[in-house]
Asker: 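Attaching a single structure in structure tokens format; questions to follow.
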Amino acid sequence: NISKAELVIYVPGILNKENNLKFKKDFIQLNGVFNYSSNLNSKTIQLYIDANQFNFMDIDKIFLKWGYNQHHYSISKFLSS
């Protein structure tokens, strides 16, 4: 049973072309992630996920991998359908 959801992560100050490629590569490999998109102007990452499979702690792990802690980002929207 799939519980599709859209997760928007606000990442001011750290989302640029170089980081976006790193983040995309890592996020797209996570369990429960169907699609990754980003907007460099609004400094947001959109993840399309299966909310039943996705582990929110993986968000922290990816940003920590690249040297960013929770002060660098926030979840700005979570919509499930």
Side-chain angles (χ1 to χ4, degrees):
N1 189 9
I2 295 175
S3 175
K4 288 189 177 178
E6 176 188 6
L7 182 64
V8 178
I9 307 168
Y10 181 53
V11 283
I14 66 171
L15 190 64
N16 55 41
K17 286 182 183 180
E18 181 183 338
N19 278 345
N20 188 46
L21 292 174
K22 294 182 210 174
F23 296 153
K24 181 175 184 174
K25 182 180 175 194
D26 287 343
F27 275 111
I28 207 73
Q29 292 180 34
L30 292 178
N31 195 26
V33 175
F34 299 116
N35 196 11
Y36 172 105
S37 63
S38 61
N39 185 316
L40 297 177
N41 293 323
S42 66
K43 302 296 185 189
T44 56
I45 292 171
Q46 295 84 31
L47 298 177
Y48 298 92
I49 63 170
D50 177 345
N52 293 331
Q53 291 186 8
F54 185 77
N55 183 346
F56 283 84
M57 291 173 57
D58 287 338
I59 296 171
D60 295 336
K61 290 177 186 173
I62 287 176
F63 287 122
L64 282 171
K65 172 184 174 181
W66 298 108
Y68 302 109
N69 62 29
Q70 291 179 337
H71 298 291
H72 290 95
Y73 62 92
S74 61
I75 295 174
S76 60
K77 184 166 66 169
F78 178 71
L79 299 174
S80 69
S81 55

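Worth knowing before you read on, the calculation uses all heavy atoms, side chains too, and leaves out hydrogens, waters and symmetry mates. From a predicted model like this one, the values you see are computed outputs, not experimental measurements. Here, residue 1 is the first one in the sequence, and each next residue gets the next number.
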Asker: With a cut-off of 6.0 Å (strictly less than), are more than 12 heavy atoms of other residues, nucleotides or ligands near OH of Tyr68?
Answerer: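 Yes, OH of Tyr68 has more than 12 neighbouring heavy atoms, counting only those of other groups under 6.0 Å.
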
Asker: Taking side-chain contact (heavy atoms from CB on, under 4.5 Å) as the definition, give me every residue that meets it alongside Ser37, ordered by chain and number, with sequence neighbours left out.
Answerer: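 Only Gln46, Tyr48 meet the side-chain contact (heavy atoms from CB on, under 4.5 Å) criterion with Ser37.
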
Asker: Once salt bridge (charged side-chain N to carboxylate O under 4.0 Å, His left out) is applied, do any residues pair with Lys24, and if so which ones, sequence neighbours excluded?
Answerer: none

Asker: OH of Tyr73 to CZ of Phe63: how many Å apart, nearest 0.5 Å?
Answerer: 6.5 Å

Asker: Find out if a path of hydrophobic residues (ILVMFWY) with successive side-chain heavy-atom gaps under 4.5 Å connects Phe56 to Phe23.
Answerer: yes

Asker: By the definition side-chain contact (heavy atoms from CB on, under 4.5 Å), identify the one residue from Ile28, Ile2, Leu47 that meets it with Phe34.
Answerer: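 When side-chain contact (heavy atoms from CB on, under 4.5 Å) is applied between Phe34 and each of Ile28, Ile2, Leu47, only Ile2 qualifies.
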
Asker: Lys22: which residues meet the side-chain contact (heavy atoms from CB on, under 4.5 Å) condition with it, sequence neighbours left out?
Answerer: Glu18, Asn19, Trp66

Asker: Apply side-chain contact (heavy atoms from CB on, under 4.5 Å) to Lys77 and list each qualifying residue two or more places apart in sequence or on a separate chain.
Answerer: Glu6, Val8, Leu79

Asker: Hydrophobic clusters here meaning ILVMFWY residues chained together by side-chain heavy-atom distances under 4.5 Å, can you tell me if Leu21 and Ile14 are in one?
Answerer: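 Cluster IDs for Leu21 and Ile14 differ.
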
Asker: In Å, rounded to the nearest 0.5 Å, how long is the span from CD1 of Ile59 to CG of Leu30?
Answerer: 8.5 Å

Asker: Taking atom OG1 of Thr44 and atom CG of Asn39, what is their separation to the nearest 0.5 Å?
Answerer: 4.5 Å

Asker: How long is the gap from NZ on Lys43 to CG on Asn16, to the nearest 0.5 Å?
Answerer: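 Rounded to the nearest 0.5 Å, the NZ-CG separation comes to 6.5 Å.
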
Asker: Can Tyr36 and Asp26 be counted as having a side-chain donor-acceptor contact under 3.5 angstrom?
Answerer: no

Asker: Distance check, rounded to the nearest 0.5 Å: Asn55 atom CG versus Ile49 atom CD1?
Answerer: 10.5 Å

Asker: To check you understand the geometry: which heavy-atom pair defines the closest contact between Leu40 and Lys17, and what is its length?
Answerer: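 Here Leu40 and Lys17 meet closest at CD1-CG, 3.7 Å.
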
Asker: Calculate, to the nearest 0.5 Å, the distance between atoms CG and OG belonging to Leu15 and Ser42 respectively.
Answerer: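 The distance works out to 8.0 Å.
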
Asker: With Asn69, which residues qualify under side chain to side chain donor-acceptor pair (under 3.5 Å), at least two apart?
Answerer: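 Asn69 satisfies side chain to side chain donor-acceptor pair (under 3.5 Å) with His72 only.
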
Asker: Taking only residues two or more places apart in sequence or in another chain, which ones pass salt bridge (charged side-chain N to carboxylate O under 4.0 Å, His left out) with Asp50?
Answerer: none

